[in-house]
Student: 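Take a look at this one; I'll ask things after.
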Amino acid sequence: MTTESTPRSPYRFAVIGTGFFAQNHLHAWAEIPEVELVAVCDIDEERVQAAARDFGATPYTDAAALFANEDLDFVDIATTAPTHRMMVELAAAHGVAAICQKPLAWEMTDAKTMVRAMADKNLPFMVHENFRFQYPMRRIKELIDSGAIGRPFFGRISFRTAHDVYAAQPWLIDNPRMIIIDVAVHLLDLACCFIGRPETLFADTLRVNPRIVGEDVATILLRMPDATCIVDASYETKSDHNTYPQTFVIVEGTEGTITLGPDYHLQVVSRGTVTNEDLIIPSHTWSSVPWNAIQDSVHAIQRHWVHCLDTGTTPETSGAATLELMDITLGSYESAEVGSRYRVGTLLD
Ligand code: NAD
Ligand code: 89V
């Protein structure tokens, strides 16, 4: 795709990285008529052949060859962070729009370079930050925006589990930075989405599991102009029932409180009226419990991307917006390392 041309659907695209989570991408794209999967790419020959067979696409084991040979409107990058910059730079060099999985990068310089490379070519660029697209999170956002709880002044966004995340994602074991960049990044995005951008934050981390290199427990206190929000994540929480991979939310406002609890139970207290609802997560032929809300959010963020391409609008989770999220995420590590508050925006300067 060149900056001069305006592509029309069906948009021709490729998925790069056909590992664990990319299976959700591939299934969700298959439900979207405005896109046409033409190629898949993975350095793992077995994985890429399986994806090519299952989803009817040309397999590549080399991303440079993919870009050289295929006429693409966009790529969907579902590899892990160390290869994101290389893939985004290839997309920019070939004038191809891109979606990149979270976390965009492990270092701010890489994130800035990617965003600049795409912006310089005026190419649409979105980060696959899908938690805000989960059905329960969309409901919470609508409630807050409707004024149901007045002005939010406190939040808690929590992801605590003892699920063996390392079984499906063994690469997490060796990550020098782990739970903040892996899962708290989603929760920090939700905090900004629900309550707003913080001015400062304070973070503390622990490593409970001695088998891993990075941190597996993190608590972050965000200070917005008129609100505080706690973001907490743990991969070592042995509670009475396993709710992985659910996120729990509390948002308190001047007129009420929203609580999203286990199994998507939503309680709204609004001006003295209490309503309780067991949310029904939209289902797909390929989705299943316990991943259903996250799987549906993959479909929802992909639909958002197609809408943005159709209308020429900027995605909610654009590269530029993600730089602010990366600042808060990486700033949390700075805070934990030095033991003091991080002034939000420092890493953006
Ligand atoms: P994975 O290791 O299972 O898959 C990554 C794939 O990329 C592998 O198959 C690997 O062979 C391939 N790959 C590596 N280098 C490559 C290269 N140079 N060219 C082509 N392919 C290459 O990892 P995963 O657990 O699926 O995670 C992938 C990404 O998805 C990570 O960034 C992770 O944080 C993210 N993720 C997001 C969510 C979410 O809800 N948004 C959930 C899980 C994982
Ligand atoms: O986003 C992720 O990479 C996953 C999970 C969905 C659990 O957060 O680890």
Side-chain angles (χ1 to χ4, degrees), residues 17 19-24 44 47 78-84 101-108 110 128-131 134 155-191 201-222 229-250 260-263 288-295 297 325-326 328-340 342:
F20 166 65
F21 200 71
Q23 302 311 310
N24 297 315
D44 185 313
R47 282 182 179 176
T79 58
T80 52
T83 49
H84 288 175
Q101 253 297 349
K102 52 59 63 176
L104 179 56
W106 285 346
E107 303 291 340
M108 198 59 163
D110 289 334
H128 186 112
E129 182 40 78
N130 54 324
F131 271 36
Q134 285 184 44
R156 180 177 175 197
I157 304 179
S158 190
F159 190 107
R160 310 189 77 81
T161 183
H163 179 86
D164 180 11
V165 293
Y166 312 106
Q169 297 177 288
W171 52 271
L172 288 173
I173 294 171
D174 299 321
N175 267 27
R177 291 175 161 183
M178 211 274 282
I179 202 166
I180 294 179
I181 197 113
D182 181 54
V183 81
V185 65
H186 294 300
L187 315 182
L188 291 166
D189 183 57
L190 287 172
L201 63 84
F202 183 86
D204 210 347
T205 60
L206 296 168
R207 177 171 56 239
V208 176
N209 181 344
R211 276 177 59 223
I212 70 159
V213 175
E215 81 292 351
D216 50 13
V217 176
T219 310
I220 305 165
L221 176 65
L222 304 168
C229 182
I230 298 164
V231 158
D232 60 289
S234 160
Y235 282 161
E236 289 299 326
T237 299
K238 297 167 178 74
S239 57
D240 60 341
H241 61 308
N242 190 359
T243 52
Y244 179 86
Q246 296 175 35
T247 301
F248 301 152
V249 177
I250 297 172
L260 177 69
D263 303 323
S288 57
V289 172
W291 279 92
N292 52 337
I294 289 178
Q295 288 170 319
S297 75
L325 179 62
M326 292 302 304
I328 297 166
T329 308
L330 298 175
S332 297
Y333 285 107
E334 294 222 345
S335 170
E337 276 154 26
V338 298
S340 64
Y342 171 76

Student: Which distance, rounded to the nearest 0.5 Å, do you find between the CD1 of I220 and the OG of S332?
Tutor: 3.5 Å

Student: Distance-only, no hydrogens or angles: does the R207 side chain make a donor-acceptor pair with backbone N or O of V213 under 3.5 Å?
Tutor: yes

Student: S288 and Q295: which non-hydrogen atoms are nearest, and at how many Å?
Tutor: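 Nearest heavy atoms, S288 then Q295: N-OE1, 2.9 Å.
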
Student: To the nearest 0.5 Å, what is the distance between CZ on R211 and CG on D174?
Tutor: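 The distance works out to 10.0 Å.
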
Student: Judged by atom type as modelled, is there a donor-acceptor pair below 3.5 Å linking the side chain of Q246 to the main-chain atoms of D263?
Tutor: yes

Student: First locate atom CD1 of I212, then atom CG of L172, and finally report the distance between them rounded to the nearest 0.5 Å.
Tutor: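 Taking CD1 in I212 and CG in L172, the distance rounds to 8.5 Å.
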
Student: Ignoring hydrogens and angles, tell me if any N or O in the side chain of E215 forms a donor-acceptor pair with the backbone of M178 under 3.5 Å.
Tutor: yes

Student: Counting N and O atoms only, with roles assigned by atom type, does the side chain of H84 sit under 3.5 Å from a partner on the main chain of W106, one being a donor and the other an acceptor?
Tutor: no

Student: Assert yes or no for the condition that the ring centre distance of W291 to F20 is strictly below 6.0 Å.
Tutor: yes

Student: Whether the Y235 and D182 side chains hold a donor-acceptor pair (N or O, under 3.5 Å, no angle test) is what I'd like checked.
Tutor: yes

Student: To the nearest 0.5 Å, what is the distance between CZ (R160) and OG (S234)?
Tutor: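 So the CZ of R160 and the OG of S234 are separated by 4.5 Å.
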
Student: Work out which heavy atom in F202 is nearest to a heavy atom in S335; give both atom names and the distance.
Tutor: CA-OG, 3.4 Å

Student: V183 and A233: which non-hydrogen atoms are nearest, and at how many Å?
Tutor: CG1-CB, 3.9 Å

Student: Any non-hydrogen side-chain atom of T161 less than 4.5 Å from a side-chain atom of T237?
Tutor: no

Student: Between T219 and D232, is a side-chain hydrogen bond (donor to acceptor under 3.5 Å, both in side chains) present by the stated rule, with each step listed?
Tutor: CA-CA 4 Å; T219 310; D232 60 289; over 6 Å; no

Student: Over all heavy atoms of both residues, which pair between A78 and G17 is shortest? Give the atoms and the distance, please.
Tutor: CB-O, 3.8 Å

Student: For C229 and A191, which heavy atoms make the closest approach, and how far apart are they?
Tutor: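 Looks like SG-CB, 3.9 Å.
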
Student: Would you sort out whether H186 and N130 count as a side chain to side chain contact (heavy atoms under 4.5 Å, CB included), showing the intermediate values?
Tutor: CA-CA 8 Å; H186 294 300; N130 54 324; 3.5 Å; yes

Student: Is it true that a side-chain atom of D216 and a backbone atom of N209 form a donor plus acceptor pair closer than 3.5 Å?
Tutor: yes

Student: Just wondering, do Q101 and T79 contact through their side chains at under 4.5 Å, heavy atoms?
Tutor: no

Student: Can you name the nearest heavy-atom pair linking T243 to P262, along with the distance?
Tutor: CG2-CB, 4.1 Å

Student: Using the rule given for side chain to side chain contact (heavy atoms under 4.5 Å, CB included), can you reason through L222 versus L188, listing the C-alpha separation, both sets of side-chain angles and the distance that settles it, and then say yes or no?
Tutor: CA-CA 9 Å; L222 304 168; L188 291 166; 3.9 Å; yes

Student: For R177 and L330, run side chain to side chain contact (heavy atoms under 4.5 Å, CB included): C-alpha distance rounded to whole Å, both residues' side-chain angles, the deciding distance at 0.1 Å, then the answer.
Tutor: CA-CA 10 Å; R177 291 175 161 183; L330 298 175; 3.7 Å; yes

Student: For T247 and S158, indicate whether the former's side chain and the latter's backbone hold a donor-acceptor pair under 3.5 Å.
Tutor: no

Student: Rounded to the nearest 0.5 Å, what separates atom CG in L206 from atom CD1 in I179?
Tutor: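 Answer for the CG-CD1 pair, L206 versus I179, is 10.5 Å.
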
Student: Would you say Y333's side chain and I181's backbone share a donor-acceptor pair under 3.5 angstrom?
Tutor: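 Flag set: sc Y333 to bb I181 pair under 3.5 Å.
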
Student: With rounding to the nearest 0.5 angstrom, report the CZ to CG distance, R156 to L187.
Tutor: 11.0 Å

